[in-house]
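Quick notes on the structure that follows.
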Amino acid sequence: TDMGVNMVGFCISDDEVCKEASRQEIIRRYYTELCNVKKGGGSKAALKKIRQGKTKSEFLNSLGEAFRPVYHFTSRVGHLNDPNGLYYSDGQWHLYYQHNPFGVQHGNTSWGSALSTDLTHWEEGDEILYPDENGLVFSGSAVIDKGRVYQFYTYGAGYTRISEGKSHTQGYAVSEDDGKSWEKRGLLDVPRLSKDQRDPTVFWHKESGHWCMALFIFDHEYAIFTSDDMVHWSLSDRFFVEGGEECPDMFRMKVSESPDKTKWVFMCANSTYLVGEFDGYRFYPQSKARKMVDGVFYAAKSFADAPDGRRVVMACKGVAIKDCAFSSVLFYPREVSLHSGKDGLYELWSVPVRELDSFAKTVVSDKNITVSPSKAAQWVTSTAAFRMKIGFASETPRGLSLDFDGNVFDIPEGIRSLTVLSDKYTLEINTEEGRYSTAFPIGIRPGKAVTGLRAQTDCIIETITIEEIK
């Protein structure tokens with residue numbers, strides 16, 4: 001197979017992927033062959049596709065660095081997918097994610113890693129889990145117990161030659177040094193309800209004194225299992241989540257309006273969720289299925305053991321950019337809160353985490369701006385990496401819209417405030433403390449950005465600030 005695609009689009013065999021080598025060693029080996037450094041090595045077809053730059057900036061441009069988001073996580077190279085096994089420990093946020101280290105398409109699914117102290121700037125590490133004879137490494141979750149970190153994940157079988165004919169299974173790995181090194185410990189004993197069951201989320205239920213696992217089964221069906229040792233599991237509940245997709249997450253939260261009251265939240269990959277009671281065996285929904293974030297916010301997963309009772313969630317969006325060494329992005333981390341809704345049912349709100357405040361520099365500040373059908377408002381910034389905050393003098397009317405270089409977003413009626421996160425090719429929009437949120441990709445904007453606000457009826461912007469993010 002020809003190995004030369006955009007410097008990092010490597011195609012390698014299943015056997016090579018399954019070796020427990022570090023990503024740096026493998027990439028170095030293939031980079032050496034591509035560049036024909038070793039005498040007699042290299043692929044002539046690959047070499048014909050490489051243009052050697054004369055400067056560092058030319059080299060970075062050849063990898064698409066001009067298009068890399070400023071404050072949203074992307075992997076240095078390769079395809080990025082679901083965030084997995086997130087946890088907080090000793091001042092650091094530990095991020096793991098599905099990753100193809102050898103190409104910008106989905107495949108060779110391993111777990112990449114990164115660390116952060118501020119949820120904004122990340123130091124990327126090595127792969128921690130590679131595929132093996134059981135299959136690719138799909139989604140999962142983390143548990144910290146007695147000084148050890150446990151990662152639970154699904155082996156996605158049938159996608160490689162050596163896993164053909166097998167069904168998905170659940171595996172686990174353990175770290176004795178807070179994520180510096182990992183050892184696979186084999187397969188979990190989980191009753192089989194379907195050949196596709198996957199995406200385990202494991203947590204401790206204090207009142208019943210045992211471990212619980214939420215697992216996706218098939219279509220919109222999920223199950224809960226219990227265990228005393230995190231290895232052998234028994235089925236305790238099965239149920240459907242209307243509109244729910246894959247990757248369950250399950251956690252207890254305080255109700256913001258009544259801090260003494262707690263409820264359990266069951267959330268799916270597309271942020272569809274149920275709120276209810278959980279006795280350690282069965283989940284009893286007390287609300288209809290809703291979505292926390294509209295748009296393309298997917299594979300939502302929260303950090304285990306976050307400090308101060310925080311519930312911080314990350315999610316991904318697959319975005320392919322031509323001639324870049326990386327693809328896809330993680331949306332900026334969001335802090336989740338639980339509220340008593342106006343209809344008497346519970347609902348999740350989410351907003352970008354407060355850590356972003358430390359990296360925002362105000363470049364536009366204005367007030368009392370009137371927009372009308374004949375008079376739009378417009379602002380130009382030197383970068384598309386910014387946060388915009390708008391406060392309206394009264395509830396927004398019908399027909400109000402924001403225009404981001406031709407990408408139009410209709411502002412909901414009846415709101416008083418709006419926050420927008422823009423970063424090259426992603427947009428995240430929140431209203432009124434996160435009661436409504438949406439996230440989606442837009443056209444690439446590597447340079448300056450033009451943002452406009454248009455109205456079909458008169459509307460007054462009471463305040464507006466735009467802050468560039470560094």
Side-chain angles (χ1 to χ4, degrees), residues 81-84 98 106 109 135-136 138-141 152-159 167-170 188 190-203 212-226 233-253 263-302 311 313-318 331 334 336 338 341 343 345-350 436-440:
N81 212 38
D82 303 10
N84 300 295
Q98 289 183 28
H106 194 280
T109 311
L136 304 177
F138 284 1
S139 293
S141 63
F152 299 89
Y153 53 89
T154 293
Y155 277 117
Y159 298 93
S167 297
H168 291 356
T169 52
Q170 318 310 316
L188 304 178
V190 183
R192 181 162 297 283
L193 305 182
S194 84
K195 66 181 181 67
D196 296 315
Q197 63 191 46
R198 59 185 184 270
D199 311 333
T201 283
V202 176
F203 58 93
C212 299
M213 175 196 292
L215 200 66
F216 172 75
I217 303 304
F218 181 73
D219 201 9
H220 307 300
E221 186 179 12
Y222 295 83
I224 294 175
F225 303 84
T226 62
W233 296 86
S234 301
L235 176 66
S236 65
D237 197 9
R238 294 180 72 166
F239 53 92
F240 289 86
V241 180
E242 183 179 357
E245 300 177 9
E246 306 181 306
C247 306
D249 200 359
M250 194 170 182
F251 44 86
R252 194 192 326 240
M253 293 198 73
K263 295 291 178 181
W264 281 85
V265 175
F266 190 95
M267 187 167 64
C268 310
N270 59 349
S271 81
T272 296
Y273 66 91
L274 295 171
V275 180
E277 299 287 352
F278 179 58
D279 61 8
Y281 298 90
R282 296 182 65 85
F283 178 64
Y284 303 93
Q286 296 177 324
S287 67
K288 62 181 180 181
R290 303 184 179 191
K291 287 189 74 172
M292 181 180 73
V293 181
D294 285 333
V296 295
F297 193 81
Y298 202 75
K301 179 66 68 174
S302 63
R311 181 61 55 177
V313 171
M314 295 190 76
C316 72
K317 169 54 189 170
F331 287 113
R334 308 181 71 84
V336 179
L338 181 63
D343 54 8
L345 301 177
Y346 296 101
E347 56 187 32
L348 287 181
W349 298 5
S350 68
Y436 170 80
S437 301
T438 186
F440 49 91

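Note that this is a predicted model, so its numbers are computed, not measured. Numbers here simply count residues along the sequence, with the first being 1.
Proximity of a side-chain donor or acceptor of Ser141 to a complementary backbone N or O of Pro200 within less than 3.5 Å is detected. Put simply, the side chain of Ser194 gets close to the backbone of Ile217: a donor and an acceptor are under 3.5 Å apart. Remark: the backbone N or O of Gly243 is paired with a side-chain donor or acceptor of Asn270 at under 3.5 angstrom. Looking only at distances, a side-chain donor or acceptor of Gln197 sits under 3.5 Å from a matching main-chain atom of Pro191. Under a 3.5 Å cut-off, the side chain of Thr109 and the backbone N or O of Leu136 do not form any donor-acceptor pair. Under the 3.5 Å distance criterion, the side-chain polar atoms of Lys301 are matched with a main-chain donor or acceptor of Pro248. At distances below 3.5 Å, not a single donor-acceptor pair connects side-chain atoms of His168 with backbone N or O atoms of Gly156. Within the 3.5 Å criterion, the main-chain N or O of Tyr346 finds no donor-acceptor partner in the side chain of Gln286. Between the side chain of Asp199 and the backbone N or O of Cys247 there is at least one donor-acceptor pair closer than 3.5 Å. A donor-acceptor pair is defined here as one N or O able to donate and one able to accept, closer than 3.5 Å; such a pair exists between the side chain of Tyr273 and the backbone of Leu348.
Using a 4.5 Å heavy-atom threshold, the side chains of Arg198 and Ser139 count as separate. Counting heavy atoms from C-beta outward, Phe225 and Leu188 have side chains that stay 4.5 Å or more apart. Residues Ile224 and Met250 have side chains in contact (heavy-atom distance under 4.5 Å, counting atoms from C-beta outward). Residues Lys263 and Glu277 form a side-chain contact, since some pair of their non-hydrogen atoms from C-beta on lies under 4.5 Å apart. For the pair Cys212 and Phe278, the minimum side-chain heavy-atom distance is below 4.5 Å. Within the 4.5 Å cutoff, the side chain of Val296 has heavy atoms near those of the Phe331 side chain. Taking the side chain as every heavy atom from C-beta outward, Asp279 and Tyr284 approach each other to under 4.5 Å. With contacts defined as side-chain heavy-atom distances shorter than 4.5 Å, the pair Lys288/Glu242 does not qualify.
Checked options Thr201, Val190, Thr226; the residue passing with Met213 is Val190 (criterion: side chain to side chain contact (heavy atoms under 4.5 Å, CB included)).
For His220 against Gly244, the heavy-atom pair with the smallest separation is ND1-O, 2.7 Å. Across all non-hydrogen atoms, the minimal contact from Cys268 to Val241 is SG-CG1, 3.8 Å. The two residues Leu274 and Ser287 have their closest heavy-atom pair at CD2-O, 3.5 Å. The minimum heavy-atom distance linking Ala315 with Ala300 is given by the pair CB-CA, 3.9 Å. Taking both residues in full, the closest heavy atoms of Ser350 and Val293 are given as OG-CG2, 3.7 Å, listed atom of the first, atom of the second, then distance.
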- So Arg282 and Phe239, side chain to side chain contact (heavy atoms under 4.5 Å, CB included) or not? Walk me through it. CA-CA 9 Å; Arg282 296 182 65 85; Phe239 53 92; over 6 Å; no
- Go through the steps for Phe297 and Arg334 under the test side chain to side chain contact (heavy atoms under 4.5 Å, CB included), then give the verdict. CA-CA 11 Å; Phe297 193 81; Arg334 308 181 71 84; 3.6 Å; yes
- Please walk me through it: do Cys316 and Gln98 pass side chain to side chain contact (heavy atoms under 4.5 Å, CB included)? CA-CA 10 Å; Cys316 72; Gln98 289 183 28; over 6 Å; no
- Message: Evaluate Ser302 against Val336 for side chain to side chain contact (heavy atoms under 4.5 Å, CB included), listing each step before the verdict.
- Response: CA-CA 9 Å; Ser302 63; Val336 179; over 6 Å; no
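The aromatic ring centroids of Phe216 and Phe138 lie 6.0 Å or more from each other. Between Tyr222 and Phe283, the ring centre distance reaches or exceeds 6.0 Å.
Here the OG1-NZ distance, from Thr272 to Lys291, works out to 5.5 Å after rounding to the nearest 0.5 Å.
Note: Phe203 and Trp264 have tilted aromatic rings, judged against thresholds of 30 and 60 degrees for the angle between ring planes.
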